[in-house]
Amino acid sequence: MFVQVCLYFYCKCLWRCLKFVVRKLTGRCELQRICYSTKPGAARTMKIEASLKGSKSKRLQTSVSVHPDAIEKTIDDIMELKRINPDINPQLGVSLQACLLQIVGYRNLIAEVEKLRREPYDSENPQHEEMLLKLWKCLKPNSPLKARISKQWCEIGFQGDDPKTDFRGMGLLGLYNLVYFAEWDTEIAQQVLSDSLQPKYREVTKKEISQFSKAEWEKKKFDKAIGYSFAIVGINITDLAYNLLVSGALKTHFYNVAPEAPTLTHFQQTFCYLMHEFHKFWIEEDPLDIMEFNRVREKFHKRILKQLQNPEMALCPHFAASESLINM
């Protein structure tokens, strides 16, 4: 343990000495070198974020958590602390401001998403009820809901006759995402819902015939639950998106697609992408039955994480809800 501590401080001191030498040789501080040598996007913003957090200056460390309205003043403080003349380096202030807007915006987005996740669905709240009914109308426009408490809810993938019990895990966040998907990508959402309800027929192979009795095979080759429950999976994918956000994995994506602060709309757009991609992934995986859901979900999660490790990565959806955001 002592050796590890000594090694840590040795490396830290060595790194600070190296930075000092490079600054003397180039005439530029680390923030300048990053902004001038790295193109805008996740690569630059994440390096700036790491540099600020790792600084020995408390003022620089706290700059990543300031209020959005204080960013301009924070930039001035950074320039003053680093003894950088803004008249000689005008582009540096612009670049730092863009990075800080993304960094601070990401933190604020986590707080906003967390607030929605913690807010339970309330059937006594007219706004909550209105959103739930909107979900039905968007997904089943030609099938009027006969009653608020109805087995019809199972048709869009809820578990019982009252959906409010299914939102416990993700709170209002699950409902917000489902409604956004159904409202802004209606055609795709309806197609995914339709596909999820379709029974799946599988051809019998000689190997499989030898493993199962005829009765067992009949049950496995044609299983009405071979698809999945659309709404329940939507809430589950909301959980996946939430964990990607909180863990910081989505920084790569958001820093590449949001020129300033990422918003709740960006998060919902990302949910649409994940929902669509999971649907395709589910079909590709060809699971035997719904009991394999957790395995497929975990494999899909690892695939997305691997993609997000690429600093150039942007999860670019190819449907209506994201067109305006991708071109920002």
Side-chain angles (χ1 to χ4, degrees), residues 7-66 68 70-110 244-245 247-263 266 270 304-316 325-328:
L7 183 61
Y8 168 77
F9 282 107
Y10 173 76
C11 291
K12 193 170 184 179
C13 291
L14 183 63
W15 173 244
R16 292 196 187 285
C17 291
L18 181 61
K19 286 171 63 176
F20 177 78
V21 172
V22 173
R23 172 157 191 168
K24 288 299 181 181
L25 291 174
T26 63
R28 293 175 176 176
C29 69
E30 185 177 37
L31 296 177
Q32 287 176 294
R33 295 195 300 272
I34 293 171
C35 288
Y36 293 147
S37 64
T38 311
K39 67 179 183 180
R44 175 192 287 180
T45 302
M46 292 175 79
K47 286 180 180 179
I48 292 293
E49 186 174 14
S51 178
L52 292 172
K53 286 182 176 180
S55 173
K56 61 182 179 181
S57 167
K58 289 293 182 183
R59 291 170 66 186
L60 293 186
Q61 291 175 14
T62 57
S63 65
V64 298
S65 56
V66 299
I71 287 180
E72 285 191 25
K73 184 180 182 307
T74 301
I75 298 298
D76 292 338
D77 291 342
I78 292 174
M79 301 284 272
E80 180 183 352
L81 186 65
K82 291 293 185 179
R83 299 177 184 175
I84 300 171
N85 188 332
D87 296 328
I88 300 177
N89 301 273
Q91 186 58 41
L92 179 62
V94 175
S95 299
L96 286 177
Q97 184 176 29
C99 291
L100 275 184
L101 281 170
Q102 291 182 318
I103 295 166
V104 172
Y106 192 93
R107 289 172 62 94
N108 291 339
L109 176 59
I110 291 177
L244 288 172
L245 177 72
S247 69
L250 279 178
K251 286 181 179 180
T252 307
H253 167 64
F254 285 142
Y255 291 170
N256 281 327
V257 301
E260 295 184 348
T263 64
H266 285 100
T270 303
I304 295 297
L305 281 175
K306 185 175 181 180
Q307 291 176 347
L308 291 171
Q309 288 174 357
N310 178 3
E312 302 292 324
M313 184 63 188
L315 303 176
C316 296
L325 296 175
I326 291 300
N327 294 320
M328 286 179 66

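Numbering starts at 1 and runs along the sequence shown.
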Verify side-chain contact (heavy atoms from CB on, under 4.5 Å) between Thr62 and Val66, making sure each step is shown before the conclusion. CA-CA 7 Å; Thr62 57; Val66 299; 5.5 Å; no
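Two residues are said to be in side-chain contact when any heavy atoms from C-beta on lie closer than 4.5 Å; Ser63 and Asp77 fail this criterion. Side chains of Arg107 and Ile110 form no contact here, defined as non-hydrogen atoms less than 4.5 Å apart. The side-chain heavy atoms of Thr38 and Ile48, taken from C-beta on, include no pair separated by under 4.5 Å. Taking 4.5 Å as the limit, every side-chain heavy atom of Glu49 sits out of range of all side-chain heavy atoms of Tyr106. At a threshold of 4.5 Å between non-hydrogen side-chain atoms, the residues Lys251 and Leu308 do not count as touching. Between Tyr36 and Asn89, some side-chain heavy-atom pair lies under the 4.5 Å cut-off. At least one side-chain heavy atom of Lys82 sits less than 4.5 Å from a side-chain heavy atom of Leu60.
Between Asn256 and Ala42, the shortest heavy-atom contact is OD1-N, 2.8 Å. Closest heavy-atom contact between Cys35 and Leu96: SG-CD2, 4.1 Å. Counting all heavy atoms, side chain and backbone alike, Glu30 lies closest to Ser51 at OE1-OG, 2.7 Å.
No more than 12 heavy atoms of other residues, nucleotides or ligands lie within 6.0 Å of CD in Glu72, so this atom counts as exposed by the packing criterion.
Here the CG-CG distance, from Leu81 to Asp76, works out to 12.5 Å after rounding to the nearest 0.5 Å. Rounded to the nearest 0.5 angstrom, Ser95 OG and Leu100 CG are separated by 11.0 Å. Atom CD of residue Gln307 and atom CG of residue Leu315 lie 6.5 Å apart, to the nearest 0.5 angstrom. For the atom pair CG of Asn85 and CG of Leu92, the computed distance is 11.0 Å after rounding to the nearest 0.5 Å.
Although no hydrogens or angles enter the test, the distance criterion places a donor-acceptor pair under 3.5 Å between the side chain of Gln32 and the main chain of Cys29. No side-chain donor-acceptor contact under 3.5 Å links Ser55 to the backbone of Leu52. At distances below 3.5 Å, at least one donor-acceptor pair connects side-chain atoms of Gln102 with backbone N or O atoms of Tyr255. Side chain of Gln97 to backbone of Ile71: no donor-acceptor contact under 3.5 angstrom is found.
Among residue pairs with one or both ends in residues 35-47, those qualifying as salt bridge (Lys or Arg N to Asp or Glu O under 4.0 Å) are Lys39-Glu312; sequence neighbours excluded.
Exactly one of Thr270, Leu244, Ile304 qualifies for a side chain to side chain contact (heavy atoms under 4.5 Å, CB included) with His253. That residue is Thr270.
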